[in-house]
Every structure is written in structure tokens, then in C-alpha cells.
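See below for the structure under consideration.
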Amino acid sequence: MLSLAACSSDASANGDCNVGISMPTRSLERWINDGEQLQKQLEEADCTVDLQYADNKTSQQISQIQNQIAGGAQVLVIAPIDGEALGPVLDQAKKQDAVVISYDRLIEGTENVDYLATFDNFQVGELQGKYIEEQLGLADGAGPFNFEPFTGSPDDPNAGFFFSGAWDVLLPYVENGQLVVRSGKSPASNKDWASIGIPGWASDKAQAEMDNRLSSFYTGSDKVDAILSPNDSLAIGIIASLNSASYSPGDEYPIITGQDADKANVKAILDGKQSMTVLKDTRELGDRVFQMIQSIIAGDEPETTDTETYDNGKKVVPAFVLTPLVVTKDDVQTKLIDSGFIDAKDVGL
Ligand code: BGC
């Protein structure tokens, strides 16, 4: 473990608590909240913090991390853009004994990652899959329904976990014909998820993809009944596409899943344009990472809950795994507003 003095006021006055935080993009609300909350907590503990966002560009993320290493970072908190691209820069980090915490997403293909703090990403997908199963009554044999699955960015390892969780629930219904994927964009198995991935989790790319599927496979009176969207940014694009194809909220409107509880999506849920989102309370994740950093700096081993699952190809990374939660129209108030995750006025309540 590294030889750090305590991250107390005294220690930081001596420059002893230096943390680099590297987040993927400002284009998604969640990463802004994640980064700013952790920065605030660390600064209140008198740490020096460099918080950077990399515009979803791997080369930019690498050079930002290089700068943080050059600036003497003793702890690096990194949510990787490309799970497999950070090996060389983390070799440099290890030369100065920096401790590396993989944030939300697993850093792959390197031994130089010490801990992972994340939500149960398989469970995120499972919650989405089970929601579709329940709403359509699939377990009772209902169907056939028209169904379109989407998956996240091919370079993001989380996207594979989300899909596996959902596909374990839904694939049997695709195979027995209760769910019909007219576009044919239906991965044959969990490991084929990247074949339909939306690069960079971009809303406009999801919109273009949904436009294509609707205009090619849903002509005349054929309607889509359910869409597996792994997160809220994709859901925004899918909703825009449905909107321009004249779908409007009501009985005929498809089920659409999501993840993150972004404000625009919570509004869409209240307006009947999105069915659910999966909340991963970023405040819990930030608190956990803050506690990890405090332990590291005190010379203690941070608490982890899973030392078996997160194999990054070079090692099994010890992880602290948090629990995600489904939010629908009925519990926006209790789960998001009463808990202070979002302000009522930001979603028009
Ligand atoms: C995160 C999601 C997020 C997505 C796009 C994933 O790795 O876990 O919360 O929606 O990236 O940024």
C-alpha cells in the first residue's frame, strides 16, 4: 500500500492528499453529479483534487490522467471510457505508487487497478428485463409482442453486464416467439451484445437507429410494443424517434426502460413517454469512494463486498457493489424527490 500521511487538514497543508478524478463526459448528468460530489467531499477533507472530464475521447482521458500523475496524484479515481485502453498510463501511475480506484466501470487488461466501486450492473439489466416481462405478462404466456432491444457502447464493459442481466430474462421469450424482434437485431447470446451497441451511448445515434428500425420494419399499422433501452441517454433518442413516427403516450405506446434517473427522463416518465428508469444513487457511490480513499490514506484496507466476480482479464478486482432500484411514475416522489436525488421543480412538480 502507498505511504501516505493522513488526509487531514494538517496532512493536506503539506500536500499529502492528492486525488485525480477522471470522468468520461459532461454530456450525461450523472457523471457531472458523480464528479462534483466526490470533489466537494474530498476538498472538504482538505485534499487537493483535480477533476477532469474527457468528452468521451479515450486519448483525452489518457492525457488527463498523465497530467494528474505528473501533478503527484496519490489516488486516481477513474471511470474509463474504453475499459481496455488504460494499461500503459496505469503503468506510469504505479511507478509512483498511486492507488487506482475503478469507478462505476471496470478497468480491464491491467494489474494496475486496485479497487472497483460500482452498482450491481447485471442486476440493472435484470430489473429492466423483469419489468418488461411483468408489464407484458410474458410469464403467463401473453404475446406475441413486437420488441426491439438496444445495447450500450461497445467499449464499455458495463454495457455487457446490463445486457446479460436483461437477456437472461428476455431471450427465452424471443426464442419461443412471445417476443418478436422484427428488425432482426436480436443477439443470439449474451456475449454478442456489442453487435447492436450504440457507440458512446449517444442519444442521436440511438435515435437514428430507432428511425431505421421503425421505417424499415414497422410500416402500416404495425407497432412496436416494448423497447429494451439500457440507459436514459439511449431512451431519449428512442423517445424522439417514436415521437417523430407519431407515437403518443397512451395505451398503444410502447414500454421503454432506462437507467440513471436523469431529469429529462424523469420528466418523460411523468409524461408517460418512458416507463421506468433504474436509479443508481450516485451519492451512495460517491460516499463509498470517499470512504475508500479515507481508508487508503489512513493506511487501511478499504472495505469491499465482492472479491470474486470482477475479473478484468489480468486480476480479480476487489469491489464494493451497491444495489440499484427501479423507479416508475408511481414512485418518482418517494424514491427521487423525497430522497433529495432531484428537485421537484426540475421535473415540473
Ligand atoms: C454507466 C451508466 C451510464 C452509461 C453512459 C455506464 O457505464 O454505468 O450509468 O448511463 O455508462 O454514460
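Along the sequence shown, residues are numbered consecutively beginning with 1. Counting starts at 1 for both ligands and their atoms, following the listed order.
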Quiz item: Using a heavy-atom cut-off of under 4.0 Å, does the side chain or the backbone of Trp31 touch ligand 1, or both, or neither?
Solution: side chain

Self-check item: Region of Phe162 engaging ligand 1 - heavy atom pairs below 4.0 Å
Solution: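 Contact part for Phe162 vs ligand 1: side chain (C-beta onward).
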
For [atom], grab the closest protein heavy atom and report residue, atom and distance to one decimal in Å.
atom: atom 6 (C) of ligand 1; result: Asp156 OD2, 3.3 Å
atom: atom 4 (C) of ligand 1; result: Trp201 CE2, 3.6 Å
atom: atom 3 (C) of ligand 1; result: Asp260 OD2, 3.5 Å

Practice problem: Indicate, with yes or no, if Leu234 and Val224 share a hydrophobic cluster defined by side-chain heavy-atom contacts under 4.5 Å among Ile, Leu, Val, Met, Phe, Trp and Tyr. | Solution: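 Looking at the clustering, Leu234 is in the same group as Val224.
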
Exercise. Over 60° means perpendicular and under 30° means parallel, so classify the ring planes of Phe161 and Tyr310, tilted if in between.
Key: tilted

Quiz item: Given Met276 and Gln128, is the side-chain contact (heavy atoms from CB on, under 4.5 Å) satisfied, shown in steps?
Solution: CA-CA 8 Å; Met276 60 90 88; Gln128 295 166 338; 4.2 Å; yes

Taking only heavy atoms of [X] into account, list the atoms of ligand 1 that are under 4.0 Å away from them.
X: Asp104; result: 1 (C), 7 (O), 8 (O)
X: Asn231; result: 3 (C), 4 (C), 5 (C), 10 (O)
X: Leu28; result: 5 (C), 10 (O), 12 (O)
X: Arg105; result: 4 (C), 5 (C), 6 (C), 7 (O), 11 (O), 12 (O)

Quiz item: Looking only at distance, does Asn121 have an N or O less than 3.5 Å from an N or O of ligand 1?
Solution: no

Practice problem: Just grab all the salt bridge (Lys or Arg N to Asp or Glu O under 4.0 Å) pairs involving residues 262-280, residues at least two apart or on different chains. | Solution: Asp104-Lys280, Lys263-Asp346

Self-check item: Pair listing, salt bridge (Lys or Arg N to Asp or Glu O under 4.0 Å) test, anchored in residues 169-197, at least two apart
Solution: Arg182-Asp222, Lys185-Glu209

Practice problem: For the pair Gln61 (side chain) and Ala79 (backbone), establish whether a donor and an acceptor sit closer than 3.5 Å, ignoring hydrogens and angles. | Solution: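 Looks like yes, one N/O pair under 3.5 Å.
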
Self-check item: Cation-pi, Tyr218 ring and Lys223 (6.0 angstrom, 45 degrees)
Solution: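 Judged by the rule (NZ or CZ under 6.0 Å from the ring centre, within 45° of its axis), Lys223 is not positioned above Tyr218.
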
